[in-house]
Structure formats: structure tokens, C-alpha cells
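Inspection log for the structure reproduced underneath, given as C-alpha cells.
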Amino acid sequence: MSKKVAVLPGDGIGQEIVAEAIKVLNVLQSDFGLSVETENGLIGGAAYDAHGTPLPDQTMDIAREADAVLLGAVGGYQWESLDIAVRPEKGLLGIRAGLGLFSNLRPAILYPQLASASTLREDVVSGLDLMIVRELTGGIYFGQPRGIRTLEGGERQGFNTLVYAEHEIERIGRSAFEIAMKRDKRITSVDKANVLESTELWREVMERVAKDYPEVELSHMYVDNAAMQLVRAPKQFDVMVTTNMFGDILSDCAAMLTGSIGMLPSASLDANGKGMYEPIHGSAPDIAGQNIANPLATILSVSMMLRYSLDEAEMADRIDRAVDSVLDGGLRTRDIHSDGMQEVSCSAMGDAVVAALCS
Ligand code: IPM
Ligand code: MG
């Protein structure tokens, strides 16, 4: 029986980049014997416009029934003034929580071909291979109580709550240690344990989980220092595990080390390995509709999906090799363009990956 993939392009450049990823998936089906069924759904602003909610029940049903979800991006200027409860981002947070996708893997790998595209010196970033494991369904993103209240006297106050229960810390810890076991066996747990009790507990639970993985070396770092170390000497890290919000921030920072956020895929996994795959960049409304976005992060997300959720490692390898050879050939979208390279559009980049797959 063929596996099912829910395809949720979302908003902004989400439409364009997912279209390129689907080209790649289609050619794996037509020419290489891959068998998957896809079903499209609406999420984010597109879903709000059609149904008045950023996460329609129908989309959740499609996602629940699928073996994996491929997502583009959500959000855009036209929805920014909406009530926070129906903003596009709520759709993304809702599907993450609804599917129980607590473990978000955000690899930051520097393609040697792009070393000169990074804003950091080549010797600082070349050879970079870092995995950020971000807790995705807890912390301040979901903690209650939250809101904006009016104080006595009429002044308004915004408030959010950073909460982590032991089981939430433990499961993301285990997820990170399992990944470290397949890598260089070093984990840096990032917290703010000197100020925040919730991350004091985070640190304690990480120490406890570490006892089950004696081969893995665990160290702790405060988030401010981690941000500094990421740009000072990023190659010191193997796996970083951290909270939802710290992971959001540090993963953008790590992405830039690799030259462009347009290159990086991510996987969000539940306890059974079912996953949602998406580029780590957003919907980039400023360049939407211009056919200049970089589709590689989404194409590489398809590769991660094949590897982690669909048990098709060989297909994933094909995609990875095709992307490599396109970069070798000097093709670059605008975000990764540098002197001497050939600038191509989003769709031309997708076509080039397809051509490389078939060559
Ligand atoms: C990300 C994004 C999302 C997040 C937004 C769009 C809600 O920045 O996936 O990193 O903050 O998690
Ligand atoms: Mg982010």
C-alpha cells in the first residue's frame, strides 16, 4: 500500500517552493518507482480566507490520516492585524500540538559549495554540521495563563507563561540523546537556569536522562552564551537541545551560518516517528509571487521526510545527491548567489534538481 503524504503549501512563498518539491516527488514516482499518494490541504492565511480559521478540521483530518506532512510556510502582511487566535501562525502551532510533534530537528549543515555565501569567515563555518533539537509543543509558546489584561487604573499588561513539566523535558531529552548516539555523541543543553526556574528543572531532568546514555557527553550552556558561541565558534557543537523559544531563535542564527536560511529543512516528529517536514524559513511575503525564492530547503525537507517517516532512504539519497550536483554546477537562487555563479529562479532551481535526478 502506498504511503500518504499531506501537502500543506500555506502562504507566501509556501506555494512556490512546495510546487518545486512536488515536482521532485513526482519524478521519483514516475521514474524511480516511489509510490506515495498526496492530498492537499489549506493552512494559515489561505485557510483563514477560505474557512475563517487557520487550521480547518478538514486539514487536521488529512494530516492525521497521512504518514507524513509536507508544509510550506504560513503568514503574511494581510493577516497581521487579525486577532491572535486566528492568525496564520496559530494554524502552524495548532497542527504541531494536534499531531503531538514535540521534537523538532533543525540541522545546520554547511554545503562546501556555499562556504563563501556565509556572512561568517569561511574557516569559522566550513565543515559545520550541527543539529538543533528544539522542543516544539510546550514552553512559553503554549503555557497558560496567557493574554493581555487591563490592570486597575486602565493600563494594559501582556503576559505569557514559561512552563515545562518533567515528562516534556524528559521526552525531548531522550529524543536528543538518541540522535546524539548516531552522531558525535556530544550534547549541549541550552537553558537560562541562572534566572528561570522552569529551565533549572530542565537542566536537572537532562542530567537524569544522561544517566541512561553513558556514552554521550552532556554539557550545559546559558542561552545568551550559546548565541554568542554559535557565531564565535559554531563547530564546537554537535547536538544542541533546547526549549521551544530558545530553539526558535538559535535555529535562525544557526541557519545563517550556512549561508542562507533558504537551504535548511526541518523535521518535527511525534513519539512514533510520524513527522511534519518544512523549511525552517518563513513565508517571506516580501518576495512572494516573484519566483525568486529558494526551493532547496523544501526539496531537502522531502528528502528528510523520505528518510525519517517513509522508510525510503535510497530516494532521500537521490535527492541529496541531486541538490549537491546542482550546487556543484554553479546554479544559485538569489539568496545564495555569489560572484561567478549563475542566478536562477525558484522554478528553474526546481527544474535543475529534477534534471539532476534524471541524469
Ligand atoms: C519557526 C517559525 C514559527 C515558530 C512561527 C511562524 C510561528 O518562526 O518555525 O521557527 O516560531 O515556531
Ligand atoms: Mg522561527
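Residue numbers count from 1 along this sequence. Indexing begins at 1, ligand by ligand and atom by atom, following the structure's order.
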closest protein heavy atom to atom 10 (O) of ligand 1 is Asp248 OD1, 2.8 Å
Residue pair Leu306 / Leu28, side-chain heavy-atom distance below 4.5 Å:
yes
Considering all heavy atoms of both residues, which atom of Leu257 and which atom of Leu110 are nearest to each other, and what is their separation?
O-CD1, 3.6 Å
Identify, by atom number and element, the atoms of ligand 1 in contact range of Arg134, meaning under 4.0 Å from any of its heavy atoms.
1 (C), 4 (C), 9 (O), 10 (O), 11 (O), 12 (O)
Could you check whether Arg208 pairs with Glu166 (Lys NZ or Arg NE/NH1/NH2 to Asp/Glu carboxylate O, under 4.0 Å)?
yes
Quick check against the 3.5 Å criterion: does Arg87 have a side-chain atom that pairs as donor or acceptor with the backbone of Leu82?
yes
The Mg ion (ligand 2): which protein N, O or S atoms are under 2.8 Å away?
Asp248 OD1
Quickly, which of Val18, Ile13, Val24, Ile22 forms a side-chain contact (heavy atoms from CB on, under 4.5 Å) with Thr298? Name it, please.
Val18
Closest approach of any protein heavy atom to atom 1 (C) of ligand 1, naming residue and atom:
Arg106 NH2, 3.3 Å
At a 4.0 Å threshold, what atoms of ligand 1 neighbour a non-hydrogen atom of Tyr141?
4 (C), 11 (O), 12 (O)
Which one holds for Arg96 and ligand 1: side chain close, backbone close, both close, or neither close, with close meaning a heavy atom under 4.0 Å?
side chain
Are the charged groups of Glu178 and Arg174 less than 4.0 angstrom apart, N to O?
no
Determine whether the side chains of Gln113 and Asp328 contain a donor N or O and an acceptor N or O closer than 3.5 Å.
yes
Please determine if Arg203 and Glu200 form a salt bridge, counting it only when a charged side-chain N lies under 4.0 Å from a carboxylate O.
no
